[in-house]
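Below is one structure, written out as structure tokens; comments come after it.
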Amino acid sequence: MTDDSQPRPYNPPPGQNPQHGQPQPPPPPPQYGRQPGSQPGWGPPPSPYGPPAGYGPPPGQGQSPYGPPPQYGQYGQQPPYPPRIDAKAVRPSLWWIALAWGIAVVCGVAGVVVFVTGVAGSVSDLVPTKTFASGETVTVPIDPANKPAVYVASDQAVNYQCEVSGGAKLAKTSGSQTVTAGSSVWEQILVINAPAKGDYQLTCTNQEGPTAVYGVGRELSSAAGGVAGGVVSLMVIAGIGVLIGIAGTVVVLVRRSGARKRLAVTG
């Protein structure tokens, strides 16, 4: 009977060192030159599958946020300047603006003349055109639409008494209302309320003493209408002149701007 409890001797396979196990291949020689397909230096050759993810410029890198650089033409020349426009070739002339505002000035002057004439005419209508002395009876044409009134001119206060024929009535004036014509100061004392237009007999007398002259004119309140009419005329005429000046200026400037653009295109 054989004793199998003893271990078998270990014999390495051929070619192996029994002390070190598996045989090791010799290390590769150092690479001192550029290998085919490798990058310069000592780095590893590029991957045949391209660069790994995460490399490369981020989106938008390398592009200027202000757009492409301006092109100045060949050899860095600046673009040509727009052609110069002769100011004399632009139409219409600026003299039209001066003419429009000249018309505005003429309208303003005309408005002032109309206003002064209207006011002066209203005041002249107030002054008595027919005068008579104390105790004298006169025939005066009276139109109720003209608001006739009786005036007296005297250096001192007088105690007067007046009468009118034809069914007309006399009413005293409240307060003191005077109008000056030359060297005479006329004071309105009565207003005449006539039933119709026509000729009426008027007599005024005063006590002996002061010398007084009587006359028939128009109420002072009637002058307000003439003054108001003069103001309206002034505003209307002067306003028309200002509108002509503004409209003429706008039209000329707009047309000159269009002409300048056409000349810039056609040269």
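Only heavy atoms go into these numbers, but all of them, side chains included; no hydrogens, no water, no symmetry mates.
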Given side chains that start at C-beta, do those of [X] and [Y] come closer than 4.5 Å, heavy atoms only?
| X | Y | answer |
| --- | --- | --- |
| V140 | D199 | no |
| P92 | R256 | yes |
| V106 | W101 | no |
| V152 | Y160 | no |
| L202 | V150 | yes |

S134-N206 side chain donor-acceptor pair, cut-off 3.5 Å: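 Note: S134 and N206 side chains meet the donor-acceptor criterion.
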Over all atoms of both residues, closest heavy-atom pair of [X] and [Y]:
| X | Y | answer |
| --- | --- | --- |
| G248 | A100 | CA-CB, 4.1 Å |
| L234 | G108 | CD1-O, 4.3 Å |
| G241 | A104 | O-CB, 2.9 Å |

Short question: side chain of [X], backbone of [Y] - any donor-acceptor pair under 3.5 Å?
| X | Y | value |
| --- | --- | --- |
| S233 | G229 | yes |
| S165 | Q201 | yes |
| D143 | A145 | yes |
| T249 | I97 | no |
| Y151 | R218 | yes |

Which distance, rounded to the nearest 0.5 Å, do you find between the [atom1] of [X] and the [atom2] of [Y]?
| X | Y | atom1 | atom2 | value |
| --- | --- | --- | --- | --- |
| S93 | R255 | OG | CZ | 12.0 Å |
| Q161 | T203 | CD | OG1 | 10.5 Å |
| Q188 | Q177 | CD | CD | 4.5 Å |
| I244 | I240 | CD1 | CD1 | 7.0 Å |

Name of the residue among L190, I189, N193, V191 meeting side chain to side chain contact (heavy atoms under 4.5 Å, CB included) with L170: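 Of the listed residues L190, I189, N193, V191, the side chain to side chain contact (heavy atoms under 4.5 Å, CB included) partner of L170 is L190.
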CD (E163) with more than 12 external heavy atoms under 6.0 Å: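 It does not: E163 CD has 12 such atoms or fewer within range.
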Neighbour count >12 (heavy atoms, 6.0 Å) for atom CG, D155: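 Open.
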Working for side-chain hydrogen bond (donor to acceptor under 3.5 Å, both in side chains), residues W186 and T180: CA-CA 6 Å; W186 293 92; T180 301; over 6 Å; no
